[in-house]
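Values reported hereafter were calculated over all heavy atoms of this structure, with side chains retained and with hydrogens, waters and symmetry mates removed. Just so you know, these numbers come straight off a predicted model, no measurement behind them.
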Amino acid sequence: MRRPEAAAYLQMSRAFLDRAAMTGDGPAMIKLGRKSVRYRREDLDAWIAGRQVRSTSEIRQ
């Protein structure tokens, strides 16, 4: 799916995905050409699962 659709699926802003793509903090993506990016649903789900914590005091490493 394209970035706007991925943002809607994650219930996050497109701006977050734009920044995350530059910092490497976001979900895995597939780059098609210079500007075209796609996300697979399974990669978005895996990214969500990888952010699971048991308390708000846990620090992601």
Side-chain angles (χ1 to χ4, degrees):
M1 61 185 82
R2 294 178 181 195
R3 192 166 283 159
E5 295 148 343
Y9 180 77
L10 295 172
Q11 297 182 1
M12 302 179 109
S13 70
R14 180 179 171 168
F16 169 80
L17 285 180
D18 290 341
R19 283 189 305 274
M22 293 186 67
T23 63
D25 191 39
M29 61 188 156
I30 300 165
K31 189 114 164 82
L32 302 170
R34 291 181 68 158
K35 295 185 179 183
S36 185
V37 171
R38 297 292 188 276
Y39 295 88
R40 295 184 309 178
R41 186 177 312 268
E42 56 266 25
D43 291 334
L44 299 176
D45 292 337
W47 182 76
I48 291 169
R51 300 178 66 84
Q52 182 177 359
V53 295
R54 296 188 183 271
S55 76
T56 57
S57 62
E58 285 187 40
I59 299 174
R60 238 184 69 211
Q61 298 186 15

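- Scanning for side-chain contact (heavy atoms from CB on, under 4.5 Å) contacts around T23 gives D25, with sequence neighbours left out.
- Note that the CG atom of D18 and the CZ atom of R3 stand 4.5 Å from one another [nearest 0.5 Å].
- What you find for A7 and L17 is that their closest heavy atoms are N-CD1, 3.5 Å.
- Scanning for salt bridge (Lys or Arg N to Asp or Glu O under 4.0 Å) contacts around D45 gives an empty result, with sequence neighbours left out.
- Across all their heavy atoms, A28 and Y39 have their closest contact at O-CD2, 3.4 Å.
- Qualifying side-chain hydrogen bond (donor to acceptor under 3.5 Å, both in side chains) partners for R41, counting only residues two or more places apart in sequence or in other chains: none.
- Residues satisfying the salt bridge (Lys or Arg N to Asp or Glu O under 4.0 Å) test with R40, not counting sequence neighbours, are E42, D43.
- Within the structure, the salt bridge (charged side-chain N to carboxylate O under 4.0 Å, His left out) test picks out no pair touching residues 28-37 (sequence neighbours left out).
- Considering CZ of R38 and CE of M1, their distance stands at 11.0 Å, rounded to 0.5 Å.
- Hydrophobic cluster membership of L32, counting Ile, Leu, Val, Met, Phe, Trp and Tyr whose side-chain heavy atoms lie under 4.5 Å apart directly or via other members: I30.
- R19 contributes atom CZ, which lies 12.5 Å from atom CZ of R14 (distance to the nearest 0.5 angstrom).
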